[in-house]
Each structure stands twice: as C-alpha cells, then as structure tokens.
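Small disclaimer: the values here were computed from a predicted structure and weren't measured.
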Amino acid sequence: MLIEEVQNQRDYLIYSKEVHGYSPAVGRLLDLSASYIYDAEKAYNAGKNAIWCRASAWEVPLLYSLDIIPAVFSEMGRLSDREAMLIAEDYYQFPVETCSMVKCTVGQWHKRRGTSINRILGTSSACEPYNMAYEIMKTQGYDVYCIESIYRAPGVDGNRLAQLKEFFIEQIYGVTEWLTGNRVIDAGKLKVEILRKNRLIDKIKRILDLRIQNPFYIRSLPTILLLNIGLSTYFGKPAEFEETVDLLINELETAPVSPEDLQRVIPLVWGYGTGQEFGVYDAIDQAGGALLGLRGVPLKKYREDVPPIEALVHYIYDNHAAGAGTYMRELIEQQIDKINARGLLLYGYIGCSFSSVDKELFREHFHHKGIPSISLEGSYQVGPPTGQVLTRIKAFIEMLS
C-alpha cells in the first residue's frame with residue numbers, strides 16, 4: 001500500500017505493517033491495536049466482563065485483578081466518521097466547537113446502544129465535556145460510574161495527605177463494588193497485576209533506550225501505540241502484549257545499526273496529547289524526524305513495598321505528572337535533555353481548552369530556553385490530517401535539519 005492510498009486509520013495500520021515488514025514484533029503490535037476494540041466487544045458479547053474506561057494507569061491493574069477487560073473509549077475514535085460527529089452535534093446538541101474526541105466518543109456510544117459494552121467508568125478529573133457526556137449516556141441506558149479524584153497540590157502533607165489517601169481508598173472500594181457487587185479485592189491478584197505493570201514498564205524503558213541507538217527501526221506510529229494504549233491497557237490481552245514486547249526487545253538488541261541513520265536523525269519530543277490522525281506521525285518519519293521522547297507516558301512504577309491497594313493510592317498522590325501544567329513541563333524538559341532533542345511537537349484536539357492553554361504556555365517556556373516548537377491542532381475522527389498540518393510539520397522538521 002502506498003501512503004497516497006491511505007484513506008482511514010485502519011489503512012494507516014496496514015501501511016505501517018508493510019513499512020515494518022522486517023519486524024514480526026511490530027506487525028504483532030499493530031495487529032493487537034487493530035483488533036483491540038473489536039475483540040473486547042466480542043468477548044463481552046460472549047459473556048465476559050468488559051467496560052468502557054479511560055486509559056488511566058491506576059484503574060487497569062484493579063480491573064484485570066477483577067477479571068474485567070478495559071476497553072478504552074478514546075480508541076473508538078479510529079472507528080468514527082462524520083456520522084458520529086453529527087450524532088453528537090445534531091441529536092445531543094453538542095456545540096460545534098466542543099472537543100472532537102468527546103463528540104466522536106458520544107456518537108459511537110449512541111450507535112452501540114444495546115449491542116455492545118454497556119458500562120462506562122469515567123473520572124471527574126478528565127474534562128467538563130466528558131463529564132457532560134457521562135451524564136448524557138446515563139439517560140441512554142448506560143450504567144455509568146464516575147470516579148472522584150483530587151490532585152495533591154505542592155506542600156500538601158501530614159493530616160491533609162492522610163485525608164486524601166483515605167478518600168481515594170474509599171473510591172477504590174466504591175468502584176470495586178460497582179464493578180462486582182461487593183467490596184472484596186483479592187490482594188494477591190492485584191499484587192500480580194502491579195508486578196506485571198512494573199515489569200512491563202522496565203521493558204518499555206529498555207525499548208526506548210534501544211531506540212535512541214537505532215532510531216528508525218520502530219517508527220513513530222507503532223511507538224505511540226506501544227506507549228499510549230499498549231502499556232496502559234495491553235490491548236486487552238496482557239500475555240500477548242508482553243510476548244510482543246519481549247520479541248521487540250530481542251529484535252532491537254540484535255538489529256544492525258546504520259551509522260547514516262544516527263547522522264541524519266532529528267530527535268524530537270512529542271509533548272502533548274496523541275490523536276488518531278496517524279498521518280501526522282508518517283509525516284514526521286518521512287521528513288527524517290524520530291519521536292524519541294514522549295511526555296504523558298505512564299512510566300511511573302508502583303511501589304512494591306506496601307500493600308497493593310496502598311500502592312494504587314501512592315501512584316496517584318506521588319504522581320509528578322498530575323495536576324498543573326508546570327509539572328508536565330518538567331517531564332518534557334527531562335525528555336528533551338535525555339535524547340538531546342532538537343525540537344518539540346505540541347499536539348491538541350480542536351475545541352480542547354485545556355490543551356490550547358497548556359500548549360501556549362509550553363511554547364513560550366521552551367522558546368525562552370532555545371528549544372524550537374510547533375503547536376498543532378487536529379481532529380479526532382477518522383481521516384488523514386489536513387494538508388496544512390502536514391505542510392507545517394514537514395517545514396518545521398526541515399528547519400531543524
């Protein structure tokens with residue numbers, strides 16, 4: 001398949017698999033991604049437990065310990081089309097300027113009513129458009145549970161921190177009761193899932209380090225899929241995902257390194273959200289860039305020296321990425337320093353006020369530090385990115401070369 005023949009996100013996966021024809025591991029990774037939502041829905045219709053949820057890190061070990069498949073609702077974006085957007089705008093009266101990701105999700109939930117997974121696990125800290133979407137889906141027959149979460153501000157310690165931890169422990173038991181009908185958590189199973197997560201984090205870190213030495217072996221799209229959904233949810237298939245990660249490490253450790261690649265590569269950091277406009281990633285590759293640093297990747301490990309439920313709590317309240325954009329900025333700086341990045345890409349969805357503000361703050365901060373950056377806005381529904389976006393990406397990377 002030629003890039004000119006690509007029409008939708010599934011085509012991008014096929015195209016990427018052909019480009020990586022030398023790598024069985026990347027092929028397996030792309031297959032896991034392509035079948036993720038379909039297989040989760042198939043398992044649900046066959047009688048297994050599955051829920052729609054965000055790709056948040058802490059919920060997933062709990063869900064797997066309860067034998068529940070996490071189906072990330074943002075991944076429905078690649079199944080969306082203009083029809084899904086119109087459902088949100090016309091049927092549910094979402095304003096046109098509302099975040100395209102939320103509208104795609106609502107449209108897909110509408111189309112799946114009564115035929116697919118009917119439970120939604122949300123979180124109040126996502127954004128107001130999603131909070132509105134949860135309330136609307138309740139009126140459409142969905143069973144919705146929304147987790148209340150509180151960020152730990154700088155300086156919060158002592159009694160106040162203890163109160164936050166008690167609050168969040170109650171949230172954990174509350175969602176467990178909603179999921180299973182009781183408040184019983186098997187500490188042994190949860191410990192197994194925490195150990196699995198930590199083990200995979202170490203393996204992913206190994207892959208990222210190996211990519212610095214062989215930057216074009218795994219291109220941008222598989223890297224994003226590996227980190228963003230793969231490490232968060234294992235595409236609903238933990239054992240298969242870990243086997244794929246092991247195979248990928250083995251390939252990278254034995255693959256020959258081209259000195260010419262190391263000379264021509266333009267190391268880049270992806271500094272904000274990841275969208276479904278997969279053509280953006282291909283444009284980066286075609287221009288000689290390599291996404292070697294990524295902000296927002298769940299590489300923080302869980303504590304293993306405390307009981308597993310307490311480990312979930314520590315994960316939330318010790319999470320340096322949570323809360324204000326200044327924390328995220330520090331993570332971006334760490335990535336820039338690690339890979340000696342030449343540029344920063346800041347991508348957000350049209351209509352997302354959070355990303356618009358943060359991206360502008362990041363752009364100004366890194367401009368003063370001498371790090372070139374580009375701010376991009378895209379849509380979440382299926383289809384290639386606009387020619388303007390692709391032209392800007394190519395021009396930006398050419399400027400850095």
Side-chain angles (χ1 to χ4, degrees), residues 31-79 105-106 108-124 126 130 133-134 137-149 168-197 200 228-243 298 302 308-309 311-312 315-316:
D31 287 343
L32 284 171
S33 176
S35 64
Y36 174 33
I37 296 299
Y38 297 103
D39 286 350
E41 292 181 302
K42 182 179 178 181
Y44 174 81
N45 289 326
K48 294 185 179 181
N49 288 325
I51 63 166
W52 297 113
C53 67
R54 296 180 67 227
S56 300
W58 78 263
E59 296 102 315
V60 172
L62 177 65
L63 292 175
Y64 278 121
S65 75
L66 298 172
D67 297 320
I68 296 171
I69 300 171
V72 174
F73 50 72
S74 61
E75 283 299 280
M76 288 190 294
R78 81 178 52 165
L79 309 177
T105 305
V106 167
Q108 286 293 336
W109 276 332
H110 178 89
K111 295 167 69 174
R112 284 169 158 76
R113 291 177 304 172
T115 63
S116 180
I117 300 166
N118 70 342
R119 309 185 83 188
I120 301 171
L121 177 61
T123 174
S124 64
Y130 257 129
Y134 301 146
M137 288 302 105
K138 288 179 183 178
T139 70
Q140 302 299 307
Y142 280 91
D143 183 8
V144 181
Y145 187 96
C146 199
I147 302 166
E148 298 291 339
S149 59
F168 201 74
I169 288 173
E170 178 58 31
Q171 292 291 298
I172 294 171
Y173 279 110
V175 73
T176 299
E177 185 173 10
W178 173 71
L179 289 165
T180 66
N182 60 63
R183 296 167 68 88
V184 176
I185 298 175
D186 188 322
K189 286 186 176 181
L190 182 55
K191 181 73 171 184
V192 167
E193 295 302 329
I194 287 174
L195 293 175
R196 186 205 303 273
K197 177 68 74 174
L200 277 164
N228 196 40
I229 301 298
L231 182 55
S232 294
T233 68
Y234 324 134
F235 300 112
K237 301 171 183 175
E240 291 183 41
F241 178 71
E242 186 160 10
E243 290 172 2
Y302 291 82
I309 294 175
L312 298 184
Y315 186 90
I316 290 297

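Nearest heavy-atom pair, A71 versus I117, reported as atom, atom and distance to 0.1 Å: CB-CD1, 3.9 Å. Of all heavy-atom pairs spanning V60 and P70, the tightest one is CG1-CG, 4.4 Å. Of all the heavy atoms in F241 and L231, the pair that sits closest is CZ-N, 3.7 Å. The two residues A239 and R196 come nearest to each other via the heavy atoms N-NH1, 4.2 Å. When every heavy atom of I68 is checked against every heavy atom of A50, the shortest pair comes out as CG2-CA, 4.1 Å. Residues Y234 and L200 share a closest heavy-atom pair of CE2-CD1, 3.4 Å.
At least one donor-acceptor pair closer than 3.5 Å links the side chain of K197 to the backbone N or O of S232. A donor-acceptor distance shorter than 3.5 angstrom exists from the side chain of S65 to the backbone of L62, with no hydrogens or angles considered.
Contact check for V175 versus E59: no side-chain heavy atoms found under the 4.5 Å cut-off. Contact check for Y130 versus T105: side-chain heavy atoms found under the 4.5 Å cut-off. Side-chain contact between Y315 and I194 is absent, with no heavy-atom pair separated by less than 4.5 Å. At least one side-chain heavy atom of L63 sits less than 4.5 Å from a side-chain heavy atom of L179. A 4.5 Å side-chain heavy-atom check between R119 and N49 finds every atom pair outside the cut-off.
Note that SG of C146 and CD of Q171 are 9.0 Å apart. Values are rounded to the nearest 0.5 Å. In this structure, NZ in K42 is found 10.5 Å from CG in N45, a value given to the nearest 0.5 Å. In this structure, the separation between CD1 on I37 and CZ on F235 is 10.5 Å, given to the nearest 0.5 Å. Atom CD of E41 is separated from atom OG1 of T115 by 7.5 Å, given to the nearest 0.5 angstrom. Atom OG1 of T233 and atom CG of L32 lie 10.0 Å apart (nearest 0.5 Å). A distance of 11.5 Å separates CG in D186 from OG1 in T176, rounded to the nearest 0.5 Å.
The ring pair (Phe, Tyr, Trp, His ring centres under 6.0 Å) test with W58 is passed by exactly one of F168, Y64, Y302: F168. Residue Y145 forms a ring pair (Phe, Tyr, Trp, His ring centres under 6.0 Å) with just one option from Y134, W52, W178, and that option is W178.
With sequence neighbours left out, the side-chain contact (heavy atoms from CB on, under 4.5 Å) criterion links R183 to E170, Y173, E177.
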### Chi angles and distances behind the side chain to side chain contact (heavy atoms under 4.5 Å, CB included) call for Y36, V72
CA-CA 9 Å; Y36 174 33; V72 174; 3.4 Å; yes

